[in-house]
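Here is the structure we will look at, set down as structure tokens.
Order of listing sets the numbers, starting from 1, for every ligand and every atom in it. Atom set for the values below is all heavy atoms of this structure, side chains included, hydrogens, waters and symmetry mates excluded.
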Amino acid sequence: MEATNVRATPEEPVRLLVFGRQGAGKGTQAVRLAERYGVPHISTGDMLRAAVKEGTEFGRQAKAIMDAGGLVSDEIMLGIISERLALPDAAAGWLLDGFPRTEQQAKDLVALVGEGNIDLAVDLEVPEDVVVERISSRRVCSTCGAIYSVGSPPSQPWVCDKCGGEVVQRDDDTEDAVRKRLALYSEQTVPAVRWFDTLGLLVTIDGVGDLDSVTADLVAAIDARVG
Ligand code: ADP
């Protein structure tokens, strides 16, 4: 991946968390920010979908939970994220997308990496009626996770521009599962977001608007903290 590292001292790692309810544009913006800051994009949703594809016993259990719009246990998620952050590329910083998702996961992450080793958490704010509409038109590459939509499809019908994989609707983007995930976000993830606010690590960004201007707002907020 071509990454433009804009930091004055690139040897210093940047460590970012991206929050946002389903359909806020979190995944799309997370990919852009990881490229910009030259850090791995660590998406727990992508990692779980990869496990599902591998067809392991764990993958089968995860699929049932995800398709129903539920959450994988905090204990399992901590194991997955600890292993991922121990890989060599994460020594140069990271961007977490989809973790932490509960207050317990937030506390587990801070215990794992240390409070001083998180530069900033950004929360992409988008009203619920806007996100329901966005999710129903969302399509993803089943191979690399690239995100498209009905209004912004790949150049050839439904073949991923990035890897040639098949672009599909996610099994958990059905209306029932989406409603459940949005409710769980309010119940479980909002307290985690608030907790980072109490630590003075949170910036809230308006996620309504075109993708480029949202990216610009995110970059301005992050640069003000780490630049
Ligand atoms: P979305 O934010 O649209 O729900 P993700 O790709 O981030 O999509 O996650 C998809 C699903 O994977 C979640 O609905 C949940 O079942 C599971 N998942 C991802 N991250 C976590 C996590 N940190 N804790 C528990 N479950 C998770």
Quick one: table the atom pairs, ligand 1 N or O against protein N or O, below 3.5 Å, distance rounded to 0.1 Å.
unit_1, atom_1, unit_2, atom_2, d
ligand 1, 2 (O), R101, NH2, 3.0
ligand 1, 3 (O), R138, NH2, 3.2
ligand 1, 3 (O), R170, NH2, 3.4
ligand 1, 3 (O), R181, NH2, 2.8
ligand 1, 4 (O), Q22, NE2, 3.3
ligand 1, 4 (O), R101, NH2, 2.9
ligand 1, 4 (O), R181, NE, 3.2
ligand 1, 4 (O), R181, NH2, 3.2
ligand 1, 6 (O), R49, NH1, 3.0
ligand 1, 6 (O), R49, NH2, 2.9
ligand 1, 7 (O), R101, NH1, 3.3
ligand 1, 8 (O), R170, NH2, 3.1
ligand 1, 16 (O), G70, O, 2.5
ligand 1, 20 (N), T44, OG1, 2.8
ligand 1, 20 (N), G98, O, 3.4
ligand 1, 20 (N), R101, NH1, 3.3
ligand 1, 23 (N), G98, O, 2.8
ligand 1, 23 (N), Q105, OE1, 2.9
ligand 1, 24 (N), Q105, NE2, 3.0
ligand 1, 26 (N), V72, N, 3.1

Legend entry - In one Ile/Leu/Val/Met/Phe/Trp/Tyr side-chain cluster, 4.5 Å: I118, L120: no
Inset, instruction - Would you indicate whether R194, at its atom CZ, is surrounded by more than 12 heavy atoms from other residues, nucleotides or ligands within a distance under 6.0 Å? - result: no
Legend entry - Set of side chain to side chain contact (heavy atoms under 4.5 Å, CB included) partners for I76, sequence neighbours left out: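 Once residues adjacent in sequence are excluded, the partners of I76 under the side chain to side chain contact (heavy atoms under 4.5 Å, CB included) criterion are F58, V72, S73, I80.
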Legend entry - Charged N-O contact under 4.0 Å between D173 and R138: yes
Inset, instruction - With salt bridge (charged side-chain N to carboxylate O under 4.0 Å, His left out) as the test, would you mind laying out the steps for R101 and D74 before giving the verdict? - result: CA-CA 9 Å; R101 218 177 184 96; D74 291 337; over 6 Å; no
Legend entry - S149 side-chain N/O to S137 backbone N/O, donor-acceptor pair under 3.5 Å: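 No: the side chain of S149 does not pair with the backbone of S137.
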